[in-house]
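Throughout, protein chains are lettered first and strands after them, A, B, ... in sequence-line order, and every chain is numbered starting at 1. Not measured: the values here are computed from a predicted model.
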There are 2 protein chains.
Amino acid sequence: MSSLTHPMQLILTLVKTQGQVLKPLESTLSIHGISFTEWLVMHRLSQSSDHTIKRVSLADGIGVTASGVTRLLLPMEKVGWIERVANARDARVSLVRLTPAGLEAYQQATKSIEYAAERVTNMMNQQQVEQCMGLLSSLHLSAIDAAQLS
Amino acid sequence: MSSLTHPMQLILTLVKTQGQVLKPLESTLSIHGISFTEWLVMHRLSQSSDHTIKRVSLADGIGVTASGVTRLLLPMEKVGWIERVANARDARVSLVRLTPAGLEAYQQATKSIEYAAERVTNMMNQQQVEQCMGLLSSLHLSAIDAAQLS
DNA sequence: GCATAATACTTGAGTAGTCAAGCTTTGCGC
DNA sequence: GCGCAAAGCTTGACTACTCAAGTATTATGC
């Protein structure tokens, strides 16, 4: 009925799915006073050595622009989840560090969001989850590949 | 390394993939002066009988709010892709119709975006595309299901 | 048949980003 | 070691929405 090519149908499904899936996760996180993007920031930081990372690395790690990071980190710094750290070697960069309070907030929020994620995948078994992840990863790689050609 | 549950890893992959995939499609559409959301609107309309649909149906069809639809349709009406149609039975609803000019623009844009979609899935074969679509659909259904429980 | 609720839509205010331009600091060619 | 390009970050202006409140119309209970 759709009269679209299969790749295009896949993208439509992808967009619609993400829209539906993200809503419950965001409302779960909002209980902790955290947005999904902020959770992504804290997740990245929690995985970095010394919980510290360059702002630009953070930007393309979570898929926003440098100015997006600036605006995103401002309120997070105010509430004390992150802090700025100067770089001795290069005065241009200002590093971001997850504070102990930020780590604590991240860990609490992660419990909630993981539980929500489990509810959202309730009709899939683990094998399907992993298979889906694998296919999405190759789509991801294809997209990067396609972008480089143009 | 990630130390997240599999469902949560799936969602991270989903979000990252959509981010990467949508960029080339949007830049392709921008050549036609159309945003991705506008394309979604025209796609919905092109599939409706008489190319006409209620604004609220359009809203949840493409996953935005009613006010989002109002703001989205304004410029589209100005350039003549869509037009307002009154409903005789119910004066509350104002229907939206895709004009012939809109249909023409949609068809041109669709050729481009489908081509872009094919490039973006270049590393997947058709079977993988269909399998991925199937898995995403069941994720989609799970999410709707989970949302209704809360 | 009349009050009350529900539906469809619009509008004002706010949010979460983008992009382009600017500033500061570093790296590079020669 | 000097000039110019590039990198890292911030800021002003804009876009694409959302949410809450408001208006108009239709449906419902009794």
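- Rounded to whole angstrom, the span from the NZ atom of B/K54 across to the P atom of D/dT25 amounts to 17 Å.
- Along DNA chain C, the nucleotide nearest A/N87 and the nucleotide nearest A/V69 are compared for position; the residue whose nucleotide lies closer to the 5' end is A/V69.
- A donor N or O paired with an acceptor N or O is not found under 3.5 Å between the base of D/dT15 and the side-chain atoms of B/R71.
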Evaluation steps, side chain to side chain contact (heavy atoms under 4.5 Å, CB included), between B/S138 and A/M123
CA-CA 7 Å; B/S138 67; A/M123 306 194 68; 5.6 Å; no

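- Rounded to whole Å, atom P of D/dG8 lies 16 Å from atom CG of A/L73.
- Here the CH2 atom belonging to A/W39 is positioned 10.0 Å from the CD1 atom belonging to A/I34, to the nearest 0.5 angstrom.
- Using a 4.5 Å cut-off between side-chain heavy atoms of Ile, Leu, Val, Met, Phe, Trp and Tyr, with links allowed through other members, A/L73 and A/V56 fall into different hydrophobic clusters.
- When heavy atoms are screened at a 4.0 angstrom cut-off, B/V64 is found touching the sugar-phosphate backbone but no base atom.
- Checked against D/dG8, D/dC19, C/dC9, the side chain of B/T65 finds its nearest nucleotide in D/dC19.
- At the heavy-atom level, B/A66 lies under 4.0 Å from base atoms of the strands shown.
- With hydrophobic clusters built from ILVMFWY side chains whose heavy atoms lie under 4.5 angstrom apart, B/L141 does not share a cluster with A/L10.
- At a threshold of 4.0 angstrom between heavy atoms, the contacts of A/S94 are confined to the sugar-phosphate backbone, with no base atom among them.
- Backbone-only engagement by B/T37 is indicated by non-hydrogen atom pairs under 4.0 Å involving sugar-phosphate atoms exclusively.
- Straight-line distance from the CD atom of B/E38 to the P atom of D/dC17: 9 Å, rounded to whole Å.
- Remark: the B/S67 side chain and the C/dC9 base include no donor-acceptor N/O pair separated by less than 3.5 Å.
- Among C/dC9, D/dG8, D/dT10, the nucleotide with an atom closest to any side-chain atom of A/V56 is D/dG8.
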Evaluate side chain to side chain contact (heavy atoms under 4.5 Å, CB included) for B/S94 paired with B/N87, printing each intermediate quantity in order.
CA-CA 6 Å; B/S94 93; B/N87 186 337; over 6 Å; no

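- Residue B/R55 places no side-chain atom within donor-acceptor reach of the base of C/dA8, judged by atom type and a 3.5 Å distance cut-off alone.
- Between B/H32 and B/S112, the side chains place a donor N or O and an acceptor N or O closer than 3.5 Å (distance only, hydrogens not considered).
- The terminal axes of the helix from C/dG1-D/dC30 to C/dC30-D/dG1, fitted over 5 pairs per end, subtend an angle of 30° to the nearest 10°.
- Here the rule is side chain to side chain contact (heavy atoms under 4.5 Å, CB included) with A/V96, and of A/H51, A/K54, A/R55, A/R44 only A/R55 fits it.
- Screening B/Q126, B/Q128, B/Q127 for a side-chain hydrogen bond (donor to acceptor under 3.5 Å, both in side chains) with B/E130, the sole residue that qualifies is B/Q126.
- Atom CD1 in A/I53 sits roughly 13 Å away from atom P in D/dG8 (whole-Å rounding).
- Distance B/L22 CG to D/dC17 C1': 15 Å, rounded to the nearest Å.
- For the pair B/I62 CD1 and D/dC17 P, the interatomic distance rounds to 8 Å; values are reported in whole Å.
- At whole-Å resolution of the value, CD1 in B/I34 and P in D/dA16 are 13 Å apart.
- With hydrogens and angles ignored, a donor-acceptor pair under 3.5 angstrom links the side chain of B/R92 to the base of C/dT7.
- Nearest to the side chain of A/D90, among C/dT26, C/dT10, D/dG8, sits C/dT26.
- Rounded to a whole Å, the NZ atom of B/K23 is 12 Å from the C1' atom of C/dT18.
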